[in-house]
Amino acid sequence: MAGRYKSPLTHADVTPKAAWLNRRQIIAGAMAAGGASIASPALASLGARKTSYGSGLEPNTFEEITSYNNFYEFGVGKDDPAQNAGAMQTSPWSVVIDGMVDRPGTYSMDQILEGQTLEERIYRFRCVEAWSMVIPWVGFELADLLDRVGVQSGARYVAFETAVIPEVMPGVRRRVLDFPYVEGLRLDEAMHPLTIMATGIYDEPIPNQNGAPMRLVVPWKYGFKSIKSIVRITLTDSEPPTSWNKANAREYGFYSNVNPTVDHPRWSQATERRIGGGLFAARQETLMFNGYENEVAGLYEGMDLSVNY
Ligand SMILES: Nc1nc2c(c(=O)[nH]1)N[C@H]1C(S)=C(S)[C@@H](COP(=O)(O)O)O[C@H]1N2
Ligand SMILES: [Mo]
């Protein structure tokens, strides 16, 4: 499974992961790798370069991250994606990159990952439903990919689209949303170094329920901006439509920055429930921009964030 990911790193760069994987995660990883011996979990390793992002944060377990999901193409229940997404074939996979770019085309995942240095990014992840996790993603900066295809000077936004495969997606057949799922970012948000394309979790290839083979992660925005299983990326000069805004514009805006002072019309956003914290654990305070205020507040200088929600 890991074989299709080309690691540009030498063996010396690979940090032993056994130290921070519990036994359960190692077993889960070995099973995901197709029954590899539990004594050699490194077989499934992506060899991501360690970074200091998220040092001090306590990551959720692999099992929590991969069994409590939102991926409406596979159903609206939190355990539906883990049940159903395994049927999606994610290799081979290609992504159309088009619009205002110098080198538009259909790129295979191998082409996208060729020469790309994968790194670990431990990020807070805050769903608009007021739950959160800490996830050790593996991926690369979206800016790297955009630089490779050459963004043209008139481009101001990036639009993203998820695969639609009705045969394996019961939620698509039932039209629980207007599919394909679409999302978008302003170009400066897309180029921000915190914005990544994730291809792994816990140094394993990203499971289908989390958005294999490649999904967006924008840690200062509500989780629904982080669109999964991407098949198209389009550079444009106008603000692209986004799925939850289309479904309910009053409740979900284009920006959807995590903001404890701007409540959802139907619930408070001041606090959140950490998944895995236990049923009676105290809710924790939600942080402005999900804790990334120092890094991203400048992107919104002069904007009224209660209007641009
Ligand atoms: N294509 C697609 N992407 C999606 C969703 C979805 O339903 N379909 N759900 C979003 C929501 S609401 C959240 S909270 C996150 C959940 O990501 P996770 O399951 O990896 O935690 O994915 C986002 N990306
Ligand atoms: Mo979400």
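Numbering of ligands and ligand atoms starts at 1, following listing order. Sequence positions, counted from 1, serve as the residue numbers for this chain.
- For the pair Arg121 and Glu141, the salt-bridge criterion is met [side-chain N within less than 4.0 Å of a carboxylate O].
- Looking at atom 8 (N) of ligand 1, its nearest protein heavy atom turns out to be Glu73 OE1, 2.8 Å.
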Quick one: do Glu251 and Arg266 satisfy salt bridge (Lys or Arg N to Asp or Glu O under 4.0 Å)? Show the steps, please. CA-CA 8 Å; Glu251 298 192 352; Arg266 290 183 282 130; 2.7 Å; yes
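- With a heavy-atom cut-off of 4.0 Å, Arg215 touches ligand 1 through its side chain alone.
- Atom 6 (C) of ligand 1 has as its closest protein heavy atom Tyr181 CE1, 3.4 Å.
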Going through the checks in order, is the salt bridge (Lys or Arg N to Asp or Glu O under 4.0 Å) test met by Lys228 and Glu73? CA-CA 10 Å; Lys228 296 178 170 182; Glu73 287 85 337; over 6 Å; no
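- Residue-ligand proximity, Thr162 to ligand 1, at heavy-atom distances under 4.0 Å covers atoms 1 (N).
- The single protein non-hydrogen atom nearest to atom 21 (O) of ligand 1 is Phe125 CE2, 3.7 Å, given as residue, atom name and distance.
- Scanning all protein heavy atoms for the shortest distance to atom 3 (N) of ligand 1 gives Lys228 N, 3.2 Å.
- Residue-ligand proximity, Cys127 to ligand 1, at heavy-atom distances under 4.0 Å covers atoms 14 (S).
- Of the protein's non-hydrogen atoms, the one nearest atom 9 (N) of ligand 1 is Asn70 O, 3.3 Å.
- Annotation: atom 24 (N) of ligand 1 to nearest protein heavy atom, Ser226 O, 3.0 Å.
- Taking hydrophobic clusters as Ile, Leu, Val, Met, Phe, Trp and Tyr residues chained together by side-chain heavy-atom distances below 4.5 Å, Val138 shares a cluster with Tyr53.
- The ligand atoms of ligand 1 that sit less than 4.0 angstrom from a heavy atom of Asn69 are 18 (P), 19 (O), 20 (O).
- Below 30°, between 30° and 60°, or above 60°: for Tyr157 and Phe254 the angle between ring planes is above 60°, a perpendicular geometry.
- Ring geometry, Phe224 versus Tyr222: the interplanar angle falls under 30°, so the pair is classed parallel (tilted spans 30 to 60°).
- Residue Ser132 forms a side chain to side chain donor-acceptor pair (under 3.5 Å) with just one option from Arg273, Glu272, Arg283, and that option is Glu272.
- Considering only non-hydrogen protein atoms, atom 7 (O) of ligand 1 sits nearest to Tyr72 N, 2.7 Å.
- Using a cut-off of 4.0 Å between Lys/Arg side-chain N and Asp/Glu carboxylate O, Arg49 and Glu120 are scored as not salt-bridged.
- Close contacts of ligand 1 with Asn210, meaning ligand atoms under 4.0 Å from a residue heavy atom, involve 18 (P), 20 (O).
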